[in-house]
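Step one of this worksheet: look at the structure below.
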Amino acid sequence: MTDRSIKSIVIVGGGTAGWMAASLLVRVLRGTGVAITLVEAPDIGTVGVGEATIPPILDFLRLAEVDLGAFVQATQATYKLGIKFQDWLRLGQSYWHPFGAFGVSIDRRPFPQVWHKARAQGLSLSVPEFSLAAALGEAGRFARPDPGAPGPQAGLRYALHFDAALVACVLRDHATARGVRRLEREVTGAVLRRDGFVEALSLKEGGTLAADLFIDCSGFRGLLIEQALGVGYEDWSRWLPCDRAIAVPTAHSRPPAPYTLATAQSAGWRWTIPLRHRVGNGYVYASGAIDDAAAEAELLAAVGEPLAEPRRLRFVAGRRKAFWSRNVVALGLASGFLEPLESTSIHLVCSGLYKLLDHFPDLDFAPANIAVYNRTLTDEYETFRDFIVLHYCATRRDDTAFWRERGAAVPDSLAQRLELYRACGRADARPGELFTDLSWFYVFEGMGVRPRAYDPLVDASDFRQVRDLLPQLAGQVSDIVARSPSHAAFLATSPSAAA
Ligand SMILES: Cc1cc2nc3c(=O)[nH]c(=O)nc-3n(C[C@H](O)[C@H](O)[C@H](O)COP(=O)(O)OP(=O)(O)OC[C@H]3O[C@@H](n4cnc5c(N)ncnc54)[C@H](O)[C@@H]3O)c2cc1C
């Protein structure tokens with residue numbers, strides 16, 4: 001530690017983002033003497049509906065030294081093998097975005113390219129035949145990844161569905177037990193230095209709270225990043241017009257599925273997230289296309305008797321123009337919002353934290369360092385935005401005005417990616433990006449976007465061998481599915497076994 005080192009951090013907000021930040025920072029900064037305080041307002045609630053995750057959440061929990069088995073039990077978690085999309089291309093059609101490996105590469109050619117050639121040769125293939133995660137999901141079964149296995153089980157990956165309110169409690173206990181100081185106070189504003197940096201927070205009950213670095217996890221309001229520093233918001237609602245959600249829990253009417261179900265509705269889509277003790281449901285919709293009462297009626301007609309009053313939320317798709325300004329870093333809903341179609345929000349909290357560690361400042365807060373942080377997170381946000389818009393823009397639904405309008409506008413970056421894929425079946429995901437070429441393939445494929453040509457090098461392989469290999473690969477998948485327990489049985493007999 002030097003004289004220019006950060007010595008104190010204050011996190012504003014005790015939702016999922018705040019306690020994730022506290023849990024990771026207290027672990028990573030252990031031994032440095034940096035004091036971490038989290039302040040949360042007892043009378044301002046959390047959003048608390050973030051219930052579906054993606055596989056990197058497990059790495060985050062490991063890094064934060066959270067005991068996975070205990071976490072799974074304490075948060076009523078179930079296992080998630082991917083997302084099934086229902087009625088997006090047209091009513092009655094469904095497709096998968098599963099986790100983990102898919103087929104095998106042949107002569108270093110990715111399996112989707114082999115797939116495109118197979119289709120050109122008249123073969124009919126389906127994703128669950130070659131994706132173990134999708135096949136298990138379709139069968140309502142669950143298997144653990146087996147890194148040493150010769151077949152597809154080695155490449156299996158999974159994530160969690162969990163009760164978001166319980167997650168905040170578990171991480172709060174975890175972080176405070178390791179030395180994070182928790183203050184229950186309402187922050188009323190920020191005291192700024194002459195150079196615009198935040199010197200301290202003003203507290204409703206009187207007094208101030210000073211720190212070197214502030215992490216704004218105050219939710220949509222963006223107490224520091226927006227209200228104090230006024231960085232501005234980039235509005236993406238011209239591409240993603242959904243701006244409201246209604247969430248309701250229901251009891252299980254069938255065994256819990258090991259996947260998130262995203263069902264397209266008349267003016268948006270509905271999530272179905274099975275937890276151990278209940279099912280989380282919600283309708284994400286565009287208020288310009290349906291009014292709140294009609295949306296609630298449509299949701300309740302689909303999900304049945306609610307266990308609690310429906311919860312209403314409002315948002316605007318987009319992002320802060322800067323995620324990090326001066327000595328304030330925004331995480332979670334304070335940093336921006338993308339509808340939870342691909343469970344990216346909690347992941348963006350992890351990603352923002354990792355990038356913060358990669359660019360951890362000293363008291364100089366070098367602008368060039370901050371600029372790189374903002375640029376890399378902007379790239380990530382924009383790629384996630386494009387990926388979500390893709391789920392809508394290729395729809396062939398024309399049953400409501402909402403769906404008829406979906407292809408009207410797409411970001412230029414997505415238009416370029418669509419053109420590339422249509423030309424040659426390549427998606428051009430960059431190394432290290434969350435959504436790999438394979439993820440893009442699943443959604444292109446599911447939304448009926450077909451390439452005109454496939455990778456010419458696939459023709460270098462002997463296609464008779466490929467024809468012989470395809471049934472073998474599908475057989476490996478179906479064998480594992482046949483000997484795997486149901487997801488419900490897995491949860492009942494071995495609550496923390498996958499962890
Ligand atoms: C409809 C919907 C569905 C979602 N589904 C998913 C999903 O399936 N998967 C996923 O990854 N993400 C999902 N998300 C996003 C996810 O909920 C959030 O990313 C996550 O909950 C993080 O929220 P947060 O902690 O940033 O904010 P919040 O939960 O809003 O917490 C804000 C905190 O700030 C505190 N605070 C606010 N003002 C003050 C003040 N003045 N003084 C002191 N404290 C203050 C509050 O008390 C609270 O503790 C969803 C979001 C919505 C809206």
Side-chain angles (χ1 to χ4, degrees), residues 10-22 37-54 56-57 60 80 83 159-169 171-172 182-190 201-205 209 214-228 242-248 260-262 268-273 275 280-285 295 299 310-317 320 330-353 384 388 434:
V10 165
I11 300 165
V12 183
T16 310
W19 286 114
M20 283 176 72
T37 303
L38 185 147
V39 54
E40 58 181 324
D43 299 330
I44 302 177
T46 62
V47 160
V49 285
E51 298 186 330
T53 63
I54 49 180
I57 188 70
F60 174 86
K80 171 179 171 183
I83 307 173
L160 303 174
H161 296 130
F162 50 46
D163 182 321
L166 298 175
V167 168
C169 296
L171 294 182
R172 179 190 67 205
R182 175 181 180 227
L183 276 183
E184 283 195 279
R185 300 271 197 288
E186 185 174 330
V187 177
T188 51
L201 308 178
S202 333
L203 304 177
K204 188 176 176 185
E205 297 79 359
L209 185 59
F214 292 88
I215 305 198
D216 186 352
C217 297
S218 62
F220 287 125
R221 71 201 74 218
L223 197 71
L224 302 182
I225 197 78
E226 193 60 59
Q227 292 181 9
C242 288
D243 57 354
R244 296 202 185 166
I246 309 177
V248 283
T260 303
L261 179 63
W269 61 279
R270 171 168 57 87
W271 76 76
T272 309
I273 299 179
L275 306 181
N281 310 275
Y283 186 0
V284 175
Y285 60 97
L299 174 64
R311 179 132 190 244
R312 296 174 183 285
L313 299 130
R314 292 176 177 219
F315 49 81
V316 178
R320 296 281 172 225
L331 291 174
L333 300 173
S335 70
F337 186 71
L338 287 166
E339 59 191 71
L341 190 56
E342 284 282 352
S343 314
T344 43
S345 289
I346 292 171
H347 179 75
L348 278 164
V349 177
C350 300
S351 187
L353 280 166
F384 289 6
I388 292 171
L434 176 71

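Read the numbers this way: they start at 1 and go in the same order the structure lists the ligands and their atoms.
- Not a single heavy atom of E339 sits closer than 4.0 Å to an atom of ligand 1.
- Using a 4.0 Å cut-off to heavy atoms of W271, the atoms of ligand 1 that qualify are 1 (C), 3 (C).
- Some N or O of V187 is nearer than 3.5 Å to an N or O of ligand 1, by distance alone.
- Not close to ligand 1: W19, with no non-hydrogen atom less than 4.0 angstrom away.
- Here the closest heavy-atom approach between residue G222 and residue D216 is recorded as C-OD2, 3.3 Å.
- Residue P340 has no N or O atom closer than 3.5 Å to an N or O atom of ligand 1.
- Close approach of ligand 1 to F337 is summarised as follows: ligand atoms under 4.0 Å from at least one heavy atom of the residue are 51 (C), 52 (C), 53 (C).
- Heavy atoms only, all atoms of each residue included: E51 and G280 are closest at OE1-CA, 3.7 Å.
- By the 3.5 Å distance cut-off applied to N or O atoms, A334 is not counted among the residues near ligand 1.
- R320 contributes a side-chain N or O that, together with a main-chain N or O of A334, makes up a donor-acceptor pair within less than 3.5 Å.
- Contact between C217 and ligand 1 is present, with at least one heavy atom of the residue lying under 4.0 Å from the ligand.
- Backbone and side-chain nitrogen or oxygen atoms of G14 are examined, and one is located within less than 3.5 angstrom of a nitrogen or oxygen of ligand 1.
- Residue A17 approaches ligand 1 through these ligand atoms, each under 4.0 Å from one of its heavy atoms: 22 (C), 24 (P), 25 (O), 26 (O).
- Atom OH in Y283 sits 8.5 Å away from atom CD1 in I246 (nearest 0.5 Å).
- For ligand 1, the polar-atom distance check finds no N/O of F315 at less than 3.5 Å from any of the ligand's N/O atoms.
- For the atom pair CG (L171) and CG (L38), the distance works out to 11.0 Å, reported to the nearest 0.5 Å.
- With sequence neighbours excluded, the residues that form a side chain to side chain contact (heavy atoms under 4.5 Å, CB included) with T37 are V10, R181, L183, L209.
- Under 4.0 Å from ligand 1, heavy atoms of S345 appear from its side chain as well as its backbone.
- The side-chain heavy atoms of F384 and H347, taken from C-beta on, include a pair separated by under 4.5 Å.
- When only interatomic distances are considered, the shortest N/O to N/O separation between E186 and ligand 1 does not fall below 3.5 Å.
- Polar contact check, F220 against ligand 1: no nitrogen or oxygen pair lies under 3.5 Å apart.
- Taking every heavy atom of A245 and a limit of under 4.0 angstrom, the matching atoms of ligand 1 come to 1 (C).
- Not one N or O of G13 is nearer than 3.5 Å to an N or O of ligand 1, by distance alone.
- The nearest pair of heavy atoms linking V284 to C242 is CG1-CB, 3.7 Å.
- At least one heavy atom of L223 lies less than 4.0 angstrom from ligand 1.
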